[in-house]
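Notes to accompany the following structure.
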Amino acid sequence: MTSLDVVPQGLVLRGRSQTQVNNSIHQPPGTKGGCVQLSELTKEYGGIRAVDDVSVDIAAGEFVTVLGPSGSGKTTVLMMIAGLTEPSAGSIAIGGRDITHLRPQHRNLGVVFQSYALFPHLTVAENIEFPLRMRRRSETEVRRKVKDMLDLVRLPNIAQRVPGELSGGQQQRVALARALIFDPPVLLLDEPLSALDKKLRESMQFELRELHRKLGVTVINVTHDQTEALVMSDRVIIMRDGRVVQSGSPSELYEHPKSSFVADFLGTSNFLKGELQKSRDTDESSLVTLGGLRCRAPQAAQGLKGPARLMIRPERIVLNVPAATQEHFAGRIAEIAYTGDLIRYRVALNDRDVIDVTLQNKSGHLPQSSIGSDVTVGWSLEDVHVFVESTTE
Amino acid sequence: MISRVSHRIGVISLLLPAALLLLPLYLYPLVEIVSRSLGDKGWSTANYLELFQDPFMLRVLYQTFRFALVISVLCVLVGYPIAYAMRIVSNRTRRTIALLILLPLWTSILVRGFAWIVILGRNGIVNTTLTDLGIVDEPLKLVYNTVGVYIGMVHIMLPFMVLPLYNSLSRIDLRLLSAAETLGSRPISAFFWIVLPLSMPGVLAGLLLVFMSSVGMFVLPALLGGLSDITYIMLIEKQVSELNNWGLAAAMSVLLLVVTGILTLLYERTLNSEASSGILGQIVRHVFQRGPIHLLVWRERILARLLPLRASQLANRKQSARLAPRHLLVKCWSWAVLVCLVLPLLVLFPLAFSNETFLHFPPHSYSLRWFENFFSRDDWRTPAITSIKVAILTTIGAILIGVPAAYAIVRGRFPGKGIVTAILISPMIVPSLIFAISLYALYARFNLLGTLGGLALGHIIIALPYVVVTVSAGLKSTDELLEAAALTMGAGPIRAFWIVTLPVLRPAIVSAAFLAFLTSFDDVILSLFLSGLSAKTLPVRMWEGIRFEIDPTIAAVSVMLMLITIGFKFAAEWPSRRGAKSNIPGLTAMQAADAGGR
Ligand SMILES: Nc1ncnc2c1ncn2[C@@H]1O[C@H](COP(=O)(O)OP(=O)(O)OP(=O)(O)O)[C@@H](O)[C@H]1O
Ligand SMILES: [Mg+2]
């Protein structure tokens, strides 16, 4: 399914102004992040476009997450920035300097690989100091920096162990320390947290944010975990089939998805399928669902026509307070799921239209209801999004 | 459920045929060698004293070790890039490379020796080309000397180096290289500090394997070497066949057996050194794997002392643009070496069809006369028929004895399993010449020399390890639960094996049969000692031919042998075409053990 209002191909996202980009060129290397510009970046594998015309500007010091389903080309973008994959077309600039054809060892970027890629025969300290050895830094500097780094990632006592003797979280931190020790202006992370369990992942998200704030390094993080993207990033870039679909701050993307793909991918959504029609008496558009309900469309969707989907987030729907809402419909509870902090209700409005409602598990706020009981669901128009479906489908 | 007692009985009956063969014809003769080395009556160390006091003997021993060492090092240098190329190319290319590496291995050692004589000889291809081009006036002496032995030996030993190397390289995550590059190291230094140290267990294993096999090698040094290139093993042969000095020969053999045994143990340990916490694992880890990084650190420290300004200069190193294709050098080198592996064999084809009385390359005119010569002359035809008969007997025997034994050591649970396995596989490791003289002594007493059956029994023993290793590998990769499932459905253990396990094992058994046939058909040493005049085999006839009269019939025979082998190989692969992955005969066997001095 594709919707009409997807971002046009090769949208150039120039979120921050050009001046910022120019500023960062003159920053002394290593103390601050560098800006990254990808223009019309394309990678073909035997005729298949793994990355298709991606143009993104990332400001110095920004924490950007590239989010997308498996196979959408996230890793390929990252590896092209790192210099480990050669782009088929397009260019990459860091700190205003074109590095498209520079070898990886001259790019001065910190990369944390999904598998961490720690050198198994070297100790933690030797792993961390490796970049400095390659740069032929003095012995005293190496010593000092390794110690600083181990403190920074809170692993002061394991310098002499080998990676095989570390836990997943510790390995992750060693990889991070190794990528940061040479003060790279940009840090690239390829699903750095995907190998960790949920608890550890959450605390590492927090630590990564903190590190980012402390060091001011530009971070480009790749993930397919939407929560991670929302929690950590200043900006999220959503990719699909090698293209950028939408980019913006987490709240922007969540509140104003430009396509049903984004709405579906980020958070959970209710979709009501139907046909957009103009009502006879007023001049307002409304969506007639498959089950025959007539739902009013928001201001933004006025004037649109044809098959469409109406989207409402489950947490924006209220149960049994018809007076407080602009739109309400009667339904019957089909299912109730208890998840602790939240209660999920599945409400059947008729035999075709089903809607999920999420309520906070607060005393006094829950309707006294069980499966089969009648309820009303209601929402305000500002929480409604309408996506017109393309006719090709 | 199978009770413990019946399990025991099952294991014993599966191992019985192997025991009946190996105890009298393999273990007993070897024990006899040990006892002979200690003198004919009682315990005497006279033979050992003689061995260690004879300066000539010691010099030959030293020479042999040096010779084996040079070959091992040459093999590492030539073979490492190939193993590395195998690691980085696509699966299809990898299979092609593996095939090209193994192809020479399936051709008789005599054929390969002969090919080198034709290429490197005084009137060989290299020399005629060079003199025709006017590059040299005198033909170079490339064969019947040390150079010739080195060339021939590297050609033969290369697969034994490449496969363990590839094995250990394949366990390295190549993303480590990418990681090293993003951390600022050049591709070449990333290789030296990361990949090379990590592949050290493979390098050591390959070195040991090649060293051990080279020490025990008899045929090739005898063919390609000069008078001064006498090796320890040739000296043993001389003691037996010319001087009839059995005591000394036995002592020399025992010494070689001990050395080979120690090397085998080391080899096995290095292969598993990553996991082992023993002293060898420590050495491999600390010296070979972590050594390079210490070197790097010390180099930097010393350079910083000597050239304090250098660091800042290096920081401003020119940032070069990307070189075009990666690993170009490695790939070119690998293909060149692979061509060198296969080309010598191809050279024989035009020669076999030449119409000239002398070997001349390329021939001026072509004919089938040398093939006609082969089929019309009894002194060629009879040995060929003998060879085929013996090889067929060997194949049947080795499969009938080896498959149950493999089943017992993989599925059975019994004390002493390790020792039984070691004994079954050891004929691969014991230098053939030592086994040949020990069996020769036994057969001479029982008048078994020159009998077809006697020769076939000997061949079964040296073919058994290949069968056991190949079938064991096949069994290990089939699910034991399949049989259990059949048992729960009411099949007896024998029926379960017959209808479930055997069909799954068929590719492994076919490839084991192929190896057994080849082992017998190619064997020179055992046949040389055991066949006498009445059971002369084709390799023995060729051996005589190559040593005494180089005539193009040998090229014709070689070509036929190669075609038969390749035909067999594809026949062996045929049944598994439609099913799972086809296995390359010999790959598993090779990975498990060595050439054992053919
Ligand atoms: N070396 C390659 N050769 C051919 N195709 C490739 C190669 N690397 C990636 N691709 C293809 O490019 C597309 C994008 O791959 P990529 O690894 O960038 O996806 P991803 O977004 O990182 O996915 P995941 O979340 O699963 O890691 C996929 O369709 C993949 O099959
Ligand atoms: Mg990926």
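Note that this is a predicted model, so its numbers are computed, not measured. Below, chain A is the first sequence line, B the second, and so on; all start at residue 1.
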Quiz prompt | Donor + acceptor pair across side chains of A:S39, A:S91 (<3.5 Å) | solution =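 Yes, A:S91 and A:S39 have a side-chain donor paired with an acceptor closer than 3.5 Å.
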
Hey, does the side chain of [X] reach the backbone of [Y] with a donor-acceptor pair shorter than 3.5 angstrom?
{"X": "A:T65", "Y": "A:L67", "result": "no"}
{"X": "B:R94", "Y": "B:V89", "result": "yes"}
{"X": "A:R107", "Y": "A:I99", "result": "yes"}
{"X": "A:H212", "Y": "A:T218", "result": "no"}
{"X": "A:R161", "Y": "A:L166", "result": "no"}

Quick one: what part of [X] sits under 4.5 Å from any heavy atom of chain A, side chain, backbone, both or neither?
{"X": "B:I194", "value": "both"}
{"X": "B:T182", "value": "both"}
{"X": "B:A190", "value": "neither"}

Quiz item: Looking at A:H106, A:Q105, A:M134, which one forms a side-chain contact (heavy atoms from CB on, under 4.5 Å) with B:R186?
Solution: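 Exactly one pass, corresponding to A:Q105.
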
Self-check item: A:L41: which of A:D53, A:T100, A:I92, A:T76 passes side-chain contact (heavy atoms from CB on, under 4.5 Å)
Solution: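 For A:L41, the side-chain contact (heavy atoms from CB on, under 4.5 Å) test succeeds with only one of A:D53, A:T100, A:I92, A:T76, which is A:I92.
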
Quiz item: Does any heavy atom of chain B fall under 4.5 Å from the side chain of A:R137, the backbone, both, or neither of them?
Solution: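 Looking at A:R137, nothing touches chain B.
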
Exercise. Would you list the pairs meeting salt bridge (charged side-chain N to carboxylate O under 4.0 Å, His left out) in which at least one residue belongs to residues 114-127 of chain A, sequence neighbours left out?
Key: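 For residues 114-127 of chain A: A:E126-B:R290.
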
Quiz item: Are the ring centres of B:F191 and B:Y80 closer than 6.0 Å?
Solution: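 Yes: the rings meet the under 6.0 Å criterion.
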
Quiz item: Quick one: of B:L176, B:D173, B:I172, B:L177, who has the most non-hydrogen atom pairs under 4.5 Å with chain A?
Solution: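 Most heavy-atom pairs under 4.5 Å with chain A: B:L176.
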
Quiz item: Which residues, numbered in order, of residues 110-124 of chain A come under 4.5 angstrom of chain B by heavy-atom distance?
Solution: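 Expected list: A:V111, A:F113, A:S115, A:A117, A:L118, A:F119, A:P120, A:H121, A:L122, A:T123.
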
Quiz item: Listed by residue number, which members of residues 138-151 of chain A have a heavy atom under 4.5 Å from any heavy atom of chain B?
Solution: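 Against chain B, the residues of residues 138-151 of chain A that fall inside the cut-off (heavy atoms, under 4.5 Å) are A:E139, A:R143.
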
Quiz prompt | Of all pairs that satisfy ring pair (Phe, Tyr, Trp, His ring centres under 6.0 Å), the ones with a partner from residues 133-158 of chain A, not counting sequence neighbours | solution =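 Those involving residues 133-158 of chain A do not exist here.
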
Exercise. Please check if atom CZ in B:F192 has more than 12 non-hydrogen atoms from other residues, nucleotides or ligands closer than 6.0 Å.
Key: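 No - once you tally the heavy atoms of other residues, nucleotides and ligands closer than 6.0 Å, there are 12 at most.
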
